[in-house]
Amino acid sequence: MKVLVTGGAGFIGSNFIRHMLAAHPGYTIVNLDLLTYAGNLENLSDIETLQKYRFVKGDICDKGLLEKLDFDAVIHFAAESHVDRSILDSAPFLQTNVLGTQALLEEARRRGCRMVHVSTDEVYGSLAEGAFHETSPLMPNSPYAASKASSDLIARAYCETYGLDVVITRCSNNYGPYQFPEKLIPLVIANALQGRPVPVYGDGLNVRDWLYVGDHCTAVDAAFHKGGAGEVYNIGGRNEQANIGIVRRLLIAVARKTGAPEESLLGLIAFVKDRPGHDRRYAIDPSKIERELGWRPSTPFESGIDGTVDWYLSHRPWWERIISGAYREYYDLQYGKRAIL
Ligand code: NAD
Ligand code: TDX
C-alpha cells in the first residue's frame, strides 16, 4: 500500500511516519508537507534515505499536485495547529485547515480511496463536567478550533453525500519528542534550560487531557486499518492535568536532571494575561476506540513526561536550531539539489 501522509514534517506526523515504517514494513509512505514554520525535515533525518519513504514539498491546497502524486490512501495531519497564532491571524487556518482538507477529500473521492482526517478535541469547546463523546456538540471557541470543526463537517458531508470512505479522529493534547517549542510542554522545558521566564496563562488552572504522541500514532493506525467508514473516534488517555501542575512537574524534573536549584527554576513561573477565549477544560471519553478497535494507550504520564524531558535535554541542538531559525536551512541543504516529483 502507498500511503499519503500530509503534514509529516510536523510533530505528530513525523512520529507517525516513523511508527508506520516500523509497524508496516510493506508500506510506502509519501510525505506531503509545505514546510511552513512548523515543518522541520530534521524530524525525519534518520529515515530520509529509505527507499519506501519519499518527501514531497507542496501544499495540500494544490489540487494539480495532489492529482499527480502516487498513493492509494490518505492520512491527513497537515494543519496550522497553534491556537495563539490563530488568534493573531486566522486566515492561514481557514486556508489550510478548511480548504486544504476539502482539496484532499476531493482527491480521495476522485480516486475512491480511504482517508483518515486527524482532528482534535478542541472542536467540542470547553467542558464544565463529564467528558467529550463522539456525539457531543461541536462548539469551537478559537479560530483554530473553528477551522478544525469546519474541516470535520466537510469530511462528514463527503461521506454522507458521496459515500467517501473517511474516518475522523479527535485526539486530546499530545506531548513527546519533536514538538515545536511554541506549545506548552516543550516551551517550558526549553525556557527552563535557558533561564527564561515560563509564561502561565491566567490562573494556570485550565485543564488539558494529555496523551503521549506514540499512543496517538497507534490510535490513528488503528482507525486507518480498522475504523468504520464515516465513524468518529475520540482518542485520549483519561489523563486530565491542570496547566500549573504540569509546569511545576516539568521544572522540578529539569532541576533534578540538571542539578539546578529547584527554587530558582520554579521562580521562573510568570503568570501572564490570559489567552482570549481560553477553554477551561478538555476531557476525552475514549471508550469507543477502546471497545470497537481494541486500542489502549501504553505510556503512563509519569514515564512519558520523564522521557520527554530527557529527550529535550539530549536534543538541545534540535530546539536551539528552531529558536535561532537555522532549521529552515535543512531542506535546501539536503533536498534543494534533488527536485521532487
Ligand atoms: P504541527 O504544527 O507540528 O505540524 C503541522 C505540519 O503541517 C507542519 O509540518 C507543516 O509544515 C504542515 N503544513 C501546514 N500547512 C500545510 C499545507 N498547506 N500543506 C502541506 N503541509 C502543511 O502540528 P501537530 O501538532 O503535529 O498536529 C498535527 C495534526 O494533529 C493537526 O491536524 C492537528 O490539528 C492535530 N492534533 C494535534 C494535537 C496536538 O496536541 N498537537 C492534538 C490533536 C490533534
Ligand atoms: O506559554 C503558554 N502558557 C500557557 O499557560 C502556552 C503556549 C500555553 N499555555 C496554556 C494554554 C493551554 O491551556 O497551556 C495549555 C496548552 O497550550 P498549548 O500547548 O498551546 O495547546 P492547546 O491550546 O491546548 O492546543 C493543543 O492541543 C490540541 C494543540 O496546540 C492543538 O493543535 C491540539 O488540537
Side-chain angles (χ1 to χ4, degrees), residues 5-16 31-41 43-44 56-62 65-66 75-87 92-93 95-97 99-101 103-104 116-123 126 140-142 144-145 147-148 151-152 169-176 178-188 191 197-213 216-217 219-220 234-236 241-244 246-247 269-275 277-282 284 331:
V5 174
T6 70
F11 163 48
I12 305 172
S14 60
N15 278 283
F16 182 75
N31 172 13
L32 173 63
D33 197 299
L34 187 59
L35 298 184
T36 66
Y37 81 92
N40 182 357
L41 285 177
N43 298 357
L44 293 160
V56 177
K57 183 171 189 252
D59 192 334
I60 56 167
C61 302
D62 182 346
L65 171 63
L66 296 180
I75 304 183
H76 173 38
F77 291 92
E80 286 292 335
S81 71
H82 195 44
V83 173
D84 293 329
R85 289 179 190 259
S86 80
I87 294 168
F93 287 75
Q95 180 67 31
T96 288
N97 300 2
L99 297 179
T101 300
L104 284 165
V116 176
H117 172 58
V118 178
S119 191
T120 169
D121 61 358
E122 301 207 8
V123 298
S126 195
N141 291 319
S142 70
Y144 162 70
S147 70
K148 293 296 289 190
S151 62
D152 287 20
T169 61
R170 296 190 182 131
C171 191
S172 58
N173 282 58
N174 284 213
Y175 68 95
Y178 300 106
Q179 187 164 30
F180 198 86
E182 64 185 351
K183 306 290 198 299
L184 180 69
I185 287 180
L187 180 86
V188 172
N191 281 16
V198 170
V200 174
Y201 299 163
D203 61 8
L205 295 178
N206 299 63
V207 169
R208 295 292 181 267
D209 191 349
W210 292 93
L211 184 72
Y212 187 67
V213 64
H216 187 187
C217 293
V220 172
N234 280 353
I235 303 169
Q241 306 280 342
N243 291 340
I244 188 66
I246 300 233
V247 168
I269 293 175
F271 287 93
V272 299
K273 196 164 174 292
D274 208 356
R275 172 187 278 174
H278 195 179
D279 287 334
R280 193 64 171 167
R281 173 173 169 257
Y282 302 145
I284 274 276
Y331 169 78

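As the structure lists them, so they are numbered: ligands from 1, and atoms in each ligand from 1. Sequential numbering from 1 along the given sequence is applied to the chain's residues.
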Any S172 heavy atom less than 4.0 Å from ligand 1 | yes
Taking distance alone, with no angle check, do S81 and ligand 2 share an N/O pair under 3.5 Å?
-> yes
Counting heavy atoms only, which of A9, G236, C61, C171 comes nearest to atom 43 (C) of ligand 1?
-> C171
Atoms of ligand 2 under 4.0 Å from any heavy atom of P199, numbered from 1 in the order shown, are 1 (O), 2 (C), 3 (N), 4 (C), 5 (O)
Geometric N/O contact N243 with ligand 2, under 3.5 angstrom = yes
Could you say whether the N/O atoms of T120 and ligand 1 ever approach to under 3.5 Å?
-> no
Would you mind checking which non-hydrogen protein atom is closest to atom 2 (C) of ligand 2, with the distance to 0.1 Å?
-> Y201 CZ, 3.4 Å
Contact atoms of ligand 1, heavy-atom distance to S81 under 4.0 Å | 1 (P), 2 (O), 23 (O)
Return a yes/no value for E182: is any of its N or O atoms, backbone included, closer than 3.5 angstrom to an N or O of ligand 2?
-> no
Does at least one non-hydrogen atom of G58 fall below 4.0 angstrom from an atom of ligand 1?
-> yes
What about V83: any of its N or O atoms under 3.5 Å from an N or O on ligand 2?
-> no
Can a non-hydrogen atom of Y175 be found less than 4.0 Å from any atom of ligand 1?
-> no
Ranked by distance from atom 13 (O) of ligand 2, the top protein heavy atom is H278 NE2, 2.7 Å
For N206, is at least one N or O under 3.5 Å away from an N or O on ligand 2?
-> no
To which of H82, R208, R275 does the heavy atom nearest atom 23 (O) of ligand 2 belong?
-> R275
Does some non-hydrogen atom of D33 fall short of 4.0 Å from ligand 1?
-> yes
